[in-house]
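Accompanying notes for the structure given below.
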Number of protein chains: 2
Amino acid sequence: MKNSQLYKGSLNTIIMKLLEENGKMYGYEITQKVKAITQGELNITEGALYPALHKLEAEGILDVEIEKVDNRMRKYYKLTEAGTKETVNRLAELEDFIRTMQSLVNPKLEF
Amino acid sequence: MKNSQLYKGSLNTIIMKLLEENGKMYGYEITQKVKAITQGELNITEGALYPALHKLEAEGILDVEIEKVDNRMRKYYKLTEAGTKETVNRLAELEDFIRTMQSLVNPKLEF
DNA sequence: AGTTATGTATAAGAATCTTATGTATATTTG
DNA sequence: CAAATATACATAAGATTCTTATACATAACT
């Protein structure tokens, strides 16, 4: 998704957070949204996104709903009830992670 | 290194930052230092650490120096000149990454 | 007419990490 | 004193995640 290896492992959290915020989204929409929010910093590739979405669906985190718009297929994903709960955990983990990395990189400061 | 997948890809940056700060360190020392700094949050496994050190050495980022202390072997690693330069880049990448993740998770706030 | 944008999908390979195992010495604990 | 824990390095098999390439299809722009 980026030249930097750091983004590895963060895709699921990103997807879940966006869905929590926007209710339902389709794959292509997610890629564009992330690109916009990060001002081009982060480009999610399809090869990473679609398998991730399928896996989250298989795990019961996401529900899917197919629509046809302008004669093109769209698969809208939204969080299940379990997915909504899990998102809370994932976001807490992300905050812990960021705090931990800050403490490693900036050991002098308090956060 | 942790139950959370988020730490994937951050090991190299962590190693390089610690070596930048402490001059030279050996593997086991790194694992203990990280555990201490993060108050147990992050435990680097040997299966991740040693291959990472070997690779950084092969890439010319690290130099190695073997010592024998208390009849036990220690391999001290330190940044090469190129490694020191690269560390600057990696830390900048980490800050960008953290900022980007913040903007995704906390889109209302400014950073 | 050809390129770009929209939209989803998968497969091969790379990279990173987990888990398990192996070797060896020193120290602590029951 | 024997056993467990700590110190110290190493690798191999497998899991997971991602990149890169490819594939299909329609819409819009140039």
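Every chain is numbered from 1, with letters handed out A, B, ... down the list of sequences.
Considering only side-chain N and O atoms, A:Q5 lies under 4.0 angstrom from the phosphate OP1 or OP2 of C:dT16. Between B:Y26 and D:dA8, a side-chain N or O to OP1/OP2 separation shorter than 4.0 Å is present. The side chain of B:K55 contributes an N or O atom lying less than 4.0 Å from OP1 or OP2 of C:dT16. Residue B:Y7 places no side-chain N or O under 4.0 Å from the OP1 or OP2 atom of C:dC17. Here A:K68 does not reach the OP1 or OP2 of D:dT26: none of its side-chain N or O atoms lies under 4.0 Å away. Within the structure, a side-chain polar atom (N or O) of B:H54 is placed less than 4.0 Å from OP1 or OP2 of D:dT11. Distances shorter than 4.0 Å separate some side-chain N or O of A:N71 from OP1 or OP2 on D:dA27. Taking side-chain N and O atoms only, B:Y50 has a distance below 4.0 Å to OP1 or OP2 of D:dC9.
One can place CD1 of B:I44 at 17 Å from C1' of C:dT19, the figure rounded to the nearest angstrom. The nearest whole Å value for the distance from the CZ atom in A:R74 to the P atom in C:dT8 is 8 Å. Straight-line distance from the CG atom of B:L49 to the P atom of C:dT19: 16 Å, rounded to whole Å. The interatomic distance linking A:Y28 (OH) with D:dT26 (P) rounds to 17 Å, in whole Å. Taking atom CD of residue A:E46 and atom C1' of nucleotide C:dT10, one finds them 11 Å apart after rounding to whole Å. One can place CG of A:L42 at 10 Å from P of D:dC18, the figure rounded to the nearest angstrom. Distance A:Q32 CD to C:dT4 P: 16 Å, rounded to the nearest Å. For the pair A:L53 CG and C:dG7 P, the interatomic distance rounds to 15 Å; values are reported in whole Å.
With A:L19 as reference, A:L62 is the one residue of A:L56, A:L62, A:I14, A:T84 to meet the side chain to side chain contact (heavy atoms under 4.5 Å, CB included) rule.
Salt bridge annotation for B:K17-B:E21: present, with a cationic side-chain nitrogen under 4.0 angstrom from a carboxylate oxygen. One finds a salt bridge joining B:E86 and B:R90 here, because a Lys/Arg side-chain nitrogen approaches an Asp/Glu carboxylate oxygen to under 4.0 Å. Salt-bridge formation is not detected for the pair A:E29/A:K33: no Lys NZ or Arg NE/NH1/NH2 atom is positioned less than 4.0 Å from an Asp or Glu carboxylate oxygen.
The nucleotide whose nearest atom lies closest to any side-chain atom of B:L11 is, among C:dC17, C:dT8, D:dT7, C:dC17. The listed nucleotides are C:dT16, C:dT6, D:dA6; the one nearest the side chain of B:N12 is C:dT16. In the set C:dA5, D:dC9, D:dC18, the nucleotide with an atom closest to the side chain of A:A48 is D:dC18. Distances were taken from every side-chain heavy atom of A:R72 (C-beta onward) to each of D:dC9, D:dT26, D:dT7; the shortest belongs to D:dT26. Across D:dT11, D:dT7, C:dC17, the shortest atom-to-atom separation from the side chain of B:K8 is found for C:dC17.
Comparing A:V69 and A:P51 along DNA chain C, the residue whose closest nucleotide (by nearest heavy atom) sits nearer the 5' end is A:V69.
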Quiz item: Can you check side-chain contact (heavy atoms from CB on, under 4.5 Å) on B:Y77 and B:E65, steps first, answer last?
Solution: CA-CA 6 Å; B:Y77 290 92; B:E65 193 184 314; over 6 Å; no
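Residue-level contact check: B:G47 touches the bases, meaning some heavy atom is under 4.0 Å from a base atom.
Remark: B:K24 qualifies as a cation-pi partner of B:Y76 under the 6.0 Å distance and 45° angle criteria applied to the six-membered ring.
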